[in-house]
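Here the structure is laid out as structure tokens; the discussion comes afterwards.
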Amino acid sequence: MILILSSHLEPTTNEVVMWLNKMKKSYIRVNEEEIFEIKIIKKKFFLESNINSFYLDDISSIWYRRGGGLKFNRERYNNEAIDRNMNEAFYWLEDYVIKKLESKKHINKQSNSNLNKLLVLEEAKNAGLNVPEYFLAENTDDVIINKMITKSFTENIILDAVDERYDGILYTAVISKPEKDSFFPTFFQQKIEKEYEIRSFYLNGIIWSTAIISQNDMQTTIDHRKYNEHNPNRNIPYKLPVETENKLNNLFMTLDVNCGSADFIKGKDGKFYFLEINPLGQFLGLSAICNYSLEKEIAEFL
């Protein structure tokens, strides 16, 4: 039995589920609104919500996609001391369930689903990848105007999505003028003059890449995700140099992440610059354009 942890109406999950149905693979899909009780039945761990229920031992593989992972109900008592003691007991039961699931065949993990961008960049440099120079600052004193970009290092969605089926997006922006006042520590990075962008999808050591020709449109020249629906970017199947792929594979292994999307820039200087990894990013569009059938690859892996 496959366990899928996702969110309501999440499109990538929907596509993978259709392949699982076609392959006649059994699965349980858990969305973010479900809260489970942990029970012991016939000496076995049994999880039950108002929608799904399953024995822990019956799960053969797990895909952590979206939604925050498994959530558990904790009973409350009319005694503070009892609450503290029972909270610890609940914690260790929950910890066992999550770690037991993650020890099975899996695609990503609930326990490390949120990558720290700053640590990822440090590990990318350790892996030998080219990383544009970056720093954090509380003012623009050291920022070279029109030569540096900024993007949030949090990856938290801070604006409501215009459509409940899709996430908000944090865009990259060029620093065009200095700021007089100080501000919260902010991420600044060297702006690379680029030929094109590359999105690489990684699954357990295999890499599928797509070149995104974003430089021919002012709307997408800084960030290709500012889609121009009237004049879409050209996207073509691509192959990163073997050396770069090996370094990227080492980075994923160091981070203990076995699936995700990595972003690169092919600079006008001929170098490949690593930008970031998103374990939960969308890839359906590029999969369809390049005929990669990545949703099928995920279903087969599970």
Side-chain angles (χ1 to χ4, degrees), residues 2-23 25 27-32 61-69 106-110 113-115 155 157 159-172 196-214 217 219-220 223-240 248 252 257-264 275-302:
I2 299 166
L3 178 63
I4 301 172
L5 305 179
S6 188
S7 56
H8 188 58
L9 297 178
E10 201 280 315
T12 302
T13 309
N14 295 342
E15 294 295 322
V16 172
V17 162
M18 285 194 291
W19 276 107
L20 292 175
N21 289 333
K22 186 173 183 178
M23 296 174 184
K25 290 188 175 184
Y27 63 88
I28 295 173
R29 176 173 178 169
V30 173
N31 294 325
E32 71 272 22
S61 61
I62 179 172
W63 178 27
Y64 176 78
R65 173 57 189 162
R66 290 277 175 100
H106 63 271
I107 295 179
N108 290 344
K109 298 179 179 180
Q110 175 176 334
S113 59
N114 296 315
L115 295 181
E155 297 301 335
I157 304 304
L159 298 174
D160 290 335
V162 296
D163 189 315
E164 66 174 1
R165 296 171 297 174
Y166 301 100
D167 295 325
I169 298 177
L170 302 171
Y171 292 113
T172 302
Y196 44 81
E197 299 176 55
I198 302 163
R199 169 64 62 90
S200 295
F201 181 77
Y202 177 95
L203 176 60
N204 209 45
I206 303 175
I207 298 170
W208 297 262
S209 294
T210 303
I212 304 167
I213 314 303
S214 57
D217 188 333
Q219 182 171 320
T220 60
D223 193 327
H224 77 269
R225 296 170 303 161
K226 290 187 176 181
Y227 302 115
N228 185 340
E229 296 182 359
H230 301 290
N231 184 28
N233 292 152
R234 184 184 176 206
N235 301 311
I236 57 177
Y238 193 82
K239 179 70 174 176
L240 284 169
L248 181 61
F252 270 94
V257 176
N258 70 342
C259 184
S261 295
D263 289 333
F264 288 86
L275 300 180
E276 63 184 349
I277 286 175
N278 185 351
L280 310 180
Q282 296 290 4
F283 51 82
L284 289 180
L286 297 181
S287 173
I289 290 170
C290 296
N291 199 29
Y292 285 152
S293 296
L294 298 177
E295 54 277 21
K296 180 183 178 183
E297 296 284 347
I298 288 175
E300 288 179 339
F301 182 85
L302 293 170

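Computation of the quantities below employed the complete heavy-atom set of this structure, encompassing side-chain atoms and omitting hydrogens, waters and symmetry-equivalent molecules. Numbering starts at 1 and runs along the sequence shown.
Applying the side-chain hydrogen bond (donor to acceptor under 3.5 Å, both in side chains) test to Ser209 and every residue at least two apart in sequence or in another chain returns Ser200. Under the side chain to side chain contact (heavy atoms under 4.5 Å, CB included) criterion, Asn114 pairs with no residue, sequence neighbours left out. Partners of Lys296 by salt bridge (charged side-chain N to carboxylate O under 4.0 Å, His left out), not counting sequence neighbours: none found. By the side-chain hydrogen bond (donor to acceptor under 3.5 Å, both in side chains) test, Gln110 is found to be paired with no residue, residues two or more places apart in sequence or in another chain being considered. Residues meeting the side chain to side chain contact (heavy atoms under 4.5 Å, CB included) test with Ile236, sequence neighbours left out: Ala211, Arg234. Residues that satisfy the side-chain hydrogen bond (donor to acceptor under 3.5 Å, both in side chains) test with Tyr292, not counting sequence neighbours, are absent from this structure. Legend: residues meeting ring pair (Phe, Tyr, Trp, His ring centres under 6.0 Å) with Phe301, ordered by chain and number and at least two apart, are absent. Every residue two or more places apart in sequence or in another chain that forms a side chain to side chain contact (heavy atoms under 4.5 Å, CB included) with Lys25 is listed here: Ile2, Leu20, Met23. Scanning for side-chain hydrogen bond (donor to acceptor under 3.5 Å, both in side chains) contacts around Asn258 gives an empty result, with sequence neighbours left out. When the side chain to side chain contact (heavy atoms under 4.5 Å, CB included) test is applied to Ser113, the partners found at least two apart in sequence or on another chain are Tyr64.
Distance check: Tyr238 OH to Ile198 CD1 gives 4.5 Å after rounding to the nearest 0.5 Å. Distance check: Leu284 CG to Ile289 CD1 gives 11.0 Å after rounding to the nearest 0.5 Å. Distance check, rounded to the nearest 0.5 Å: OH of Tyr202 to SG of Cys259 gives 9.5 Å. Once rounded to the nearest 0.5 Å, the distance linking CG of Leu203 with OG of Ser261 reads 10.5 Å. Taking CZ of Phe264 as the start and CD of Glu276 as the end, the distance is 11.0 Å to the nearest 0.5 Å. One finds the CD1 atom of Ile212 at 12.0 Å from the OH atom of Tyr196 (value rounded to the nearest 0.5 Å).
Here the side chain of Ser287 pairs a donor or acceptor atom with the backbone of Leu294 at under 3.5 angstrom. For the pair Arg66 (side chain) and Leu5 (backbone), a donor-acceptor distance under 3.5 Å is absent.
For the residue pair Gly281 and Asn278, the shortest heavy atom distance occurs at N-OD1, 3.2 Å. Residues Ser61 and Leu302 approach most closely at OG-O, 3.0 Å, considering heavy atoms.
Put simply, the side chain of Ile4 reaches to within 4.5 Å of the side chain of Val17, judged on heavy atoms.
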| message | Run the side-chain contact (heavy atoms from CB on, under 4.5 Å) test on Phe201 and Glu297 for me, step by step, so that the C-alpha distance in whole Å, both residues' side-chain angles and the decisive distance to 0.1 Å come before the verdict. | response | CA-CA 11 Å; Phe201 181 77; Glu297 296 284 347; over 6 Å; no
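One side chain, Thr12 or Gln282, offers a donor N or O that lies under 3.5 Å from an acceptor on the other.
Listed by first then second residue, pairs satisfying side chain to side chain donor-acceptor pair (under 3.5 Å) with a partner in residues 13-23 read Ser6-Thr13, Glu10-Thr13, Asn14-Arg29, Asn21-Tyr27, not counting sequence neighbours.
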